[in-house]
Amino acid sequence: MFEQLRKNIFTFDTTKAIGSTIGIVLPVYLGIHFQEFAIGFCVAMGTLFTFLPNTDGTLKHRTFGMVYGLILSLIISGLMFVGFKLNNTIFLILFSICIFAVSIISVYGFRASMVSLSGLMAVVMAFAARKYNLELIPLLSLITVGGLWYLILSSFLHFIFYRRTTAASLADCIELTADYLRIRENLNWHNSKDETELRKELLKTEVSLNEKHELLRELLLSKRRNEGQSNKTNRFLLIFLELLDIYELAVANNFEIQEIEETLGEYFQKTDSFRKINQANISDLYKLGESLRLGKSFYKEENNWLILQNAEKEIKSYVEIVGLPEARAGAIILRNLQDYELKQMEKIESALRVYSNYQSGNKFSENSETLTQFIPTQDYNWKVILENLSMKSTVFKHSLRISLAMLVGIYAGEWMPHQNSYWILLTIVVILRPNYSLTKSRAINRIWGTLIGAIIGVAIIWVFKNHLIYGVVSIISILFGFAYVQKSYRIAATFITLAVIQLYAILIENPEELIKYRILDTATGALISFFAVYLLWPAWEFGNIKTTIAEANDSLVQYLKQIDRIYHTKETVDSTYRLSRKKAFIDVSNLSAAFQRLTEEPKSQKEHLSQVYASVTLIQTQLSALAALGTFMQSHQTTPASEEYDVLIQNIVRNLEIISTFLETGTMEAEDHESEIISAMEKLEFKYNQLEEIRNKQLSEGAYRPMDLVLRTQLQEGKLITEQLKWLYNLSENQKQIIQHI
């Protein structure tokens, strides 16, 4: 636990939690102290509404989000104030319109969804503020004061902690990359842990890693473009670019352990040195992440290059023992493992040099215009909302769903005999999500968190009869509650419930009655949310999975075309190639996340789950094969593209485009190019065999002499290109068959 606290001390979530705790606690404390709780409460409301859209990113984007959240909450608070004075029917119509209009804003992305949450919270908190009988202008003025207070506070904390939080985000990315390499190593080398669990863990890590990549693109590239170059920003950017290459290399290195075992046989232990290098690389990444997080110097205990030299000796030993040409297949496998570990080591060593300031990070060849292409952008045009005003839109259906659920929540609150029925609405707002799996997860975590928090809260009230203790516990609970909102909703719900209970223990004599109602309200709101997402226009993942598969498939096509372009032209990898690679990785990651959500839905909605799983696996494997081609192409001097290569590439692209057409129209184009493809494969095999004959002739002419670098590279290229193209073509054929059954 201490290690987790130390890791999280300078993260954005922690600094944000510190700001929100100060921003909410101080006005509430002053309100209680001066017996003006209503004023303190309304100022704290303004802080809450402004705090919610404060998501990780650049200062400009965060500030705009907070300002929009405050403005929206003021508008909604004003409308609710007016609505309370109208008759019940008109109020309910206005209430429903407000909920729908605020919810549809989330169509603009994550930051907009948090602005939307501010608006929804304004609807709920209007019920809480209503009992203080404030007039409209004083109410809006107090909310504005709270919002401005938090804006100033968050800007101050940004000024103090920004560099540390950026370093913490980069450290998170480094450690996630190390996690990804560790899980892949366990999968590749058949370690004891269950393979199914490892694959689930790998999918989650992959999704988290791609999210962290997007955040760092915004933080580092936007900062460099807007504020100019600085030593620290450039060093962080260079480290980040190395991490992207390390990730691509890991995806590309998807070897079959059975093939290695069969080829090496009794000499399989010759791979031990390569595993040691991989483990040393992973260890170096973890140490780099820790050093960066804590701002300390990096100390390298082990020389990985010595391990690599031992690996080279193992290859030579294997060749000498088995003899050529029999040892060639095994030697090529070992050489490919060596190449992979060498490239990873070079990337990691480069990142370490940048961090240690041994290598200057002041100059960077990309210009700001090029960098801008890699920054995530969002279209805020009004047409986006208009395009989503249909039942085809998930956001539109969710907006209708939450509007009806909130109406049910109001009626449930009126029917149930207690004072604070708006807790039901609050529970619906924080639990109900567009998809079933997340709503179910949040409902369970919310109920458990509320129960645990209530038990702890009651125990503290019974044991201690001291308002000072209640206040201290409440402040600490708010801090931990906000810090864990993104990391663990159950922990966050526990601490927030505990904080509310301690606050009530300060304000009223017998809070036990309200605690009982809070649990009841939470359960009611959770049940309404669950039934709403299950019965009202449910957005089952299977209904969207074809679209997600199509997007990933299209990205693979574009990535393959860019690889083909670079292979033909022999040009240096450019931004167009990198952008296609980035999109392919993100879209395949999105597909993995969608499949994960699909597995968590009811059995009745898991149609053709095995076929979907097979399709997802094939797409991930195709991405791995493409990454292998791309990384080999970048790090080796390749030969001119052959006619046979072009034939296979064209047919792979054709197959992938046929798949996209089928997913869009439901029709499969029938084509027969089998003889052409078989001929191309045989010719590629023949060319590779010719290279082997050249080497065999060299060996037959005299004593053993090392293979020259050109021939070795040609053999590696011939084997990799032949195998990867055959593999990609077979994968695309399999995908064509499977996709017809989804």
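Keep in mind the model is a prediction, meaning the values are calculated, not measured.
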More than 12 heavy atoms of other residues, nucleotides or ligands under 6.0 Å from NZ of Lys440: is that the case?
no
Kindly determine whether Tyr180 and Leu176 satisfy side-chain contact (heavy atoms from CB on, under 4.5 Å), including the steps that lead there.
CA-CA 6 Å; Tyr180 187 80; Leu176 275 171; over 6 Å; no
Can you confirm whether the side chains of Glu601 and Ser437 place a donor and an acceptor under 3.5 Å from each other?
no
Closest contact, heavy atoms only, Glu600 versus Tyr436:
O-CE2, 3.7 Å
Phe127 and Tyr422: aromatic ring centres closer than 6.0 Å?
no
Evaluate the side-chain proximity of Val28 to Phe37: yes if any heavy-atom separation is below 4.5 Å, no if none is.
yes
Report yes if some heavy atom in the side chain of Leu536 is under 4.5 Å from a heavy atom in the side chain of Leu400; otherwise report no.
no
Phe51 ring centre to Lys16 NZ or CZ under 6.0 Å, with the angle to the axis within 45°?
yes
Taking the side chain as every heavy atom from C-beta outward, state whether Val472 and Gln502 have any atom pair closer than 4.5 Å.
no
Between Ile461 and Tyr470, is a side-chain contact (heavy atoms from CB on, under 4.5 Å) present by the stated rule, with each step listed?
CA-CA 8 Å; Ile461 292 170; Tyr470 301 159; 4.0 Å; yes
Between Thr439 and Arg433, is there a donor-acceptor pair closer than 3.5 Å when you use the side chain of the first and the backbone of the second?
yes
CZ (Phe156) and CD1 (Ile22) are apart, to the nearest 0.5 Å, by 9.0 Å
About how many Å separate CH2 of Trp423 and OH of Tyr517, when rounded to the nearest 0.5 Å?
10.5 Å
Less than 4.5 Å apart, side chain to side chain, heavy atoms only: is that true for Ile491 and Phe480?
no
Can you see which heavy atom on Val102 is nearest to which on Leu120, and at what distance?
CG1-N, 3.7 Å
Approximate separation, where rounding is to 0.5 Å, of Ser96 OG and Ile410 CD1:
7.5 Å
Heavy-atom nearest pair, Ala443 first then Ala526, reads CB-CB, 4.1 Å
I'd like to know whether the aromatic ring centres of Tyr132 and Phe41 sit less than 6.0 Å apart in this structure.
yes
Name the residue from Asn54, Ile105, Thr55 that meets the side-chain contact (heavy atoms from CB on, under 4.5 Å) definition with Met114.
Thr55
When you measure from the side chain of Ser116 to the backbone N and O of Ala112, does any donor-acceptor pair fall under 3.5 Å?
no
Over all atoms of both residues, closest heavy-atom pair of Leu285 and Ile174:
O-CG2, 3.0 Å
Donor-acceptor pair, Ser106 side chain versus Ser113 backbone, under 3.5 Å?
no
Look up atom CE in Met125 and atom OG in Ser73, then write down how far apart they are to the nearest 0.5 Å.
11.5 Å
Please step through salt bridge (charged side-chain N to carboxylate O under 4.0 Å, His left out) for the pair Arg182 and Glu201, ending with a clear verdict.
CA-CA 11 Å; Arg182 174 183 53 78; Glu201 191 179 351; 3.6 Å; yes
Does Phe64 have more than 12 heavy atoms from other residues, nucleotides or ligands lying within 6.0 Å of its CZ?
no
Determine, stepwise, if the pair Glu206 / Leu209 fulfils side-chain contact (heavy atoms from CB on, under 4.5 Å).
CA-CA 5 Å; Glu206 181 184 284; Leu209 193 51; 5.7 Å; no
Residues Glu36, Leu30; criterion side-chain contact (heavy atoms from CB on, under 4.5 Å); working and verdict:
CA-CA 8 Å; Glu36 292 288 351; Leu30 292 174; over 6 Å; no
What are the two closest non-hydrogen atoms of Ile143 and Leu70, and how far apart are they?
O-CD1, 3.9 Å
Measure from the side-chain N and O atoms of Ser488 to the backbone N and O of Tyr484, and report whether any donor-acceptor pair falls under 3.5 Å.
no
Nearest non-hydrogen partners of Val395 and Ser103, listed with the distance:
CG1-O, 4.1 Å
Decide if atom CZ of Phe531 counts as having more than 12 heavy atoms of other residues, nucleotides or ligands within a radius under 6.0 Å.
no
Row check, Phe84 ring normal vs Arg130 NZ/CZ: under 6.0 Å, within 45°
yes
Just by distance, with hydrogens left out, do Tyr286 and Asp179 show a side-chain donor and acceptor under 3.5 Å apart?
yes
Would you indicate whether the side-chain heavy atoms of Ser77 and Met80 approach each other to under 4.5 Å?
no
For the side chain of Tyr355 and the backbone of Ser291, is there at least one donor-acceptor N/O pair under 3.5 Å apart?
yes
What distance separates Ile478 CD1 from Ile496 CD1, expressed to the nearest 0.5 Å?
8.5 Å
Is it true that, when you exclude Tyr29 itself, more than 12 heavy atoms of the residues, nucleotides or ligands shown sit nearer than 6.0 Å to its OH?
no
Below 30° counts as parallel, above 60° as perpendicular, anything between as tilted: where do the rings of Tyr534 and Phe530 land?
parallel
Should Glu175 and Leu288 count as side-chain neighbours, where that means a heavy-atom distance under 4.5 Å?
no
Are Val67 and Thr63 close enough that some pair of their side-chain heavy atoms sits under 4.5 Å apart?
yes
Heavy-atom check, side chain of Tyr68 versus side chain of Pro53, under 4.5 Å
no
To the nearest 0.5 Å, how far apart are OG1 in Thr450 and CZ in Arg490?
11.0 Å
Give a yes or no on whether the backbone of Gly525 and the side-chain of Thr427 come within a donor-acceptor separation of less than 3.5 Å.
no
